[in-house]
Amino acid sequence: MDRIIFHIDVNNAFLSWSAKYLLQNGSKLDIREIPSVIGGDEQRRAGIVLAKSTIAKKFGIVTGETLYSARRKCPGLKIYPPMHTFYQEQSNLLFNYLKNYSPDIETFSIDECFLDYGKVKKLYGDQLSFANKLKNEIKEKLGFTVNIGIGNNKLCAKMASDFSKPNQVHTLYMNEVEEKIWPLPIEELFGIGRKTSPKLHDLNINYIRDLANADYSALYPYFKNQTAILIDKAKGIDNEPVISERPEYKGVSNTKTLPKDLTTKEEIFNALRGVAENIGISLRKDNRYAKVITIILKDCYFKVYTHQKKLKNATNLNLEIFNIAKKLVNEIWDETPIRLVGIRADNLVNELNYQVSLFDSFEDVKKLSKLDETVDKLKDKYGIDIIKTANSDK
DNA sequence: TCTGGGGTCCTAGGACCC
DNA sequence: TCTGGGGTCCTAGGACCC
């Protein structure tokens, strides 16, 4: 029995959502109709394109490029700042709307999800007409447009939703794979990025068709255990199920690009203090504890270093995370100016099984834990900025 | 390149143990 | 030990995605 999967993808999500916000708040201009982008803050050295309008795209502007470069391609370009809180609300609105029709929805990112239509087809009938109805309803009721891709698995549904935009429904069933995606350049295949495509071109594999028909043993030396997966993808084969319960996340990270490169340990520690707090807050919100703490440093040449420590006792305490991070910096930083600092917490557990050692006591941990919880509650009540750790705002 | 932030998964080398 | 092979864990880095 063939599966029927929908992939629902908001068109130019950040830009569409900002357009909706501006229209709702009295603007006469729909920024979807002009050359415009959502962009980061250039002063804070985060000046890249996060989303672009269809017209901006016609100027050759791509997501991820610098605003400087985007402006050069299109001198009249309008740049708007991101509104992450509003985006999250719109995302929730969309997914909750879809849940009216089916509980079998897998959230893939803030603006994309999969829906297992096969399970509800008896209720709603033919998938193509239902997808069209759904797309029109979303536009009318939510004020932004989506693409819907229909396929026999998640990979095909996702590829289909990308065909032509905006506000379109496309199908890519198994028996359409040859006709619809084999003629496309290899870069268009989901999972082929900027490192893999040159390797494939070197092997004279330029179109998805070439990969689908490639010889496994010829590719194996270059792609090892990924070879079969790669060839399967080109054939449109994918057996991943739609998973509606979001799996517990495996780690949390928080990074900060600094307005200026940091050249002293004190500056790095100061930047890390706030990052450690954010990690602690995320972990405590879900009652989780990390057994591995990693620091991330990006130097002024964009080289990234990581260094990690496995803990005897899992933690979610701001102070402990911060102290470990400091120690890790001491162990690896070679004085190269630092552009970005970050911390990642991994190997998460749900309970604190405390191994008593000679050097720390469970009582101390409980005291610190109380302190963090109290601060979290105050921040929740009065806003994030009400309490600052000494030095964190220098 | 005037080049973000938050995730997941994979790989390769070394340590350690049997 | 003049020492082999395999399994597991740990660590750092890399690829890819939105």
Side-chain angles (χ1 to χ4, degrees), chain A residues 7-15 37-52 62-73 79 81-82 84 87-88 91 106-114 154-155 158-159 161-162 187-200 222-230 233 240 243 246-261 275 278-279 282 291-312 328 331-332 339-348:
Chain A
H7 179 252
I8 298 145
D9 187 356
V10 178
N11 299 129
N12 312 329
F14 286 6
L15 193 112
V37 297
I38 304 300
D41 184 343
E42 286 173 297
Q43 256 64 58
R44 288 180 30 231
R45 305 200 294 181
I48 62 161
V49 173
L50 298 166
K52 60 205 178 290
V62 295
T63 303
E65 79 177 312
T66 58
L67 295 177
Y68 173 83
S69 148
R71 262 194 303 261
R72 256 193 341 195
K73 289 178 180 172
I79 301 171
H84 293 290
Y87 299 160
Q88 193 56 60
S91 174
E106 175 179 336
T107 302
F108 190 66
S109 74
I110 191 166
D111 67 332
E112 285 177 47
C113 67
F114 294 98
K154 293 203 287 187
L155 173 70
K158 172 133 180 81
M159 296 284 297
S161 71
D162 214 31
E187 288 78 13
E188 306 274 313
L189 185 61
F190 182 69
I192 307 287
R194 61 183 221 285
K195 295 288 182 179
T196 308
S197 68
K199 281 189 349 196
L200 288 166
Y222 303 93
F223 301 104
K224 304 289 169 63
N225 293 344
Q226 293 305 299
T227 311
I229 297 168
L230 225 45
K233 278 185 176 173
E240 293 300 311
I243 299 172
R246 209 172 87 78
E248 285 195 312
Y249 56 86
K250 310 208 161 145
V252 285
S253 66
N254 185 236
T255 60
K256 193 170 169 48
T257 295
L258 292 317
K260 282 177 60 186
D261 290 339
V275 173
N278 290 338
I279 295 287
S282 301
K291 292 201 89 168
V292 174
I293 298 293
T294 307
I295 56 151
I296 303 152
L297 297 177
K298 187 192 276 180
D299 70 20
C300 59
Y301 309 108
F302 282 81
K303 183 161 171 52
V304 176
Y305 303 83
T306 63
H307 191 42
Q308 67 187 46
K309 184 174 167 61
K310 194 168 164 65
L311 313 180
K312 192 155 52 87
L328 291 167
E331 283 170 9
I332 61 154
R339 179 190 172 87
L340 166 146
V341 299
I343 299 177
R344 201 178 150 72
D346 278 297
N347 286 31
L348 304 187

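In what follows, chains carry the letters A, B, and so on, assigned in the order in which the sequence lines appear, proteins first and then strands, with residues in each chain numbered from 1.
- Residue A/Glu112 is classed as a sugar-phosphate contact, given heavy-atom separations below 4.0 Å to backbone atoms only.
- Both geometric conditions, a ring-centre gap below 5.5 Å and a plane tilt below 30°, are fulfilled for A/Phe302 over the base of B/dT3.
- Proximity of A/Asn225 to the phosphate of B/dC10: no side-chain N or O atom is located under 4.0 Å from OP1 or OP2.
- Going from atom CZ of A/Arg344 over to atom C1' of C/dG13 covers 14 Å, rounded to whole Å.
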Given Watson-Crick and G-U pairs under 3.5 Å, DNA chain C in dot-bracket ([ ] crossing, | other strand) is ....||||||||||||||

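- The nearest whole Å value for the distance from the CZ atom in A/Phe108 to the P atom in C/dC16 is 15 Å.
- A/Arg44 comes within contact range of no nucleotide atom at all, as no heavy-atom separation falls under 4.0 Å.
- Atom OH in A/Tyr249 sits about 10 Å away from atom P in B/dT8, given to the nearest Å.
- The aromatic rings of A/His7 and A/Phe114 lie tilted to each other, with the angle between the two planes from 30° to 60°.
- Across all strands shown, A/Gly193 has heavy atoms under 4.0 Å from sugar-phosphate atoms exclusively, and none from any base.
- Taking the centre and axis of the six-membered ring of A/Phe302, the NZ or CZ atom of A/Lys298 falls outside the cone set by 45° and 6.0 Å.
- A gap of 24 Å separates the C1' atoms of C/dC18 and B/dC2, to the nearest Å.
- Using a 4.0 Å heavy-atom distance criterion, A/Ile192 is classed as a sugar-phosphate-only contact.
- Contacts of A/Arg339 with the nucleic acid, taken as non-hydrogen atoms under 4.0 Å apart, involve only primed sugar atoms and P, OP1 or OP2.
- Distance, A/Gln43 CD to B/dC2 C1': 11 Å, rounded to whole Å.
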_Is there a side-chain contact (heavy atoms from CB on, under 4.5 Å) between A/Arg45 and A/Asp261? Walk through the geometry before answering._
CA-CA 10 Å; A/Arg45 305 200 294 181; A/Asp261 290 339; 2.8 Å; yes

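- If you take CG of A/Asp346 and P of C/dG13, they are 15 Å apart, rounded to a whole angstrom.
- With respect to A/Lys309, the side chain to side chain contact (heavy atoms under 4.5 Å, CB included) criterion is satisfied by exactly one of A/Val292, A/Leu328, A/Ile295: A/Leu328.
- Within the 4.0 angstrom heavy-atom criterion, only backbone atoms of the sugar-phosphate kind lie near A/Lys158; the bases stay farther away.
- Rounded to an integer number of Å, the gap from CG of A/Leu311 to C1' of C/dT11 is 14 Å.
- Out of C/dA15, B/dT3, C/dA12, the shortest distance to the side chain of A/Thr196 is found at C/dA15.
- In this structure, the side chain of A/Arg344 does not engage the main chain of A/Thr306 through any donor-acceptor pair within 3.5 Å.
- Using a 4.5 Å heavy-atom threshold, the side chains of A/His84 and A/Phe14 count as touching.
- Salt-bridge check for A/Glu106 with A/Lys154: passed, with a basic side-chain N closer than 4.0 Å to an acidic carboxylate O.
- The residue A/Asp111 sits close only to the backbone: its heavy atoms come under 4.0 Å of sugar-phosphate atoms, none of a base.
- The interatomic distance linking A/Lys250 (NZ) with C/dC17 (C1') rounds to 15 Å, in whole Å.
- At the phosphate of C/dT11, neither OP1 nor OP2 sits under 4.0 Å from any side-chain N or O atom of A/His307.
- Note on A/Val292: nothing from the nucleic acid sits closer than 4.0 angstrom, heavy atoms only.
- No contact: A/Leu67 has no heavy atom under 4.0 Å from any strand.
- If you measure from atom CG of A/Asp261 to atom P of B/dT3, you get 10 Å, rounded to the nearest angstrom.
- Residue A/Gly251 is classed as a sugar-phosphate contact, given heavy-atom separations below 4.0 Å to backbone atoms only.
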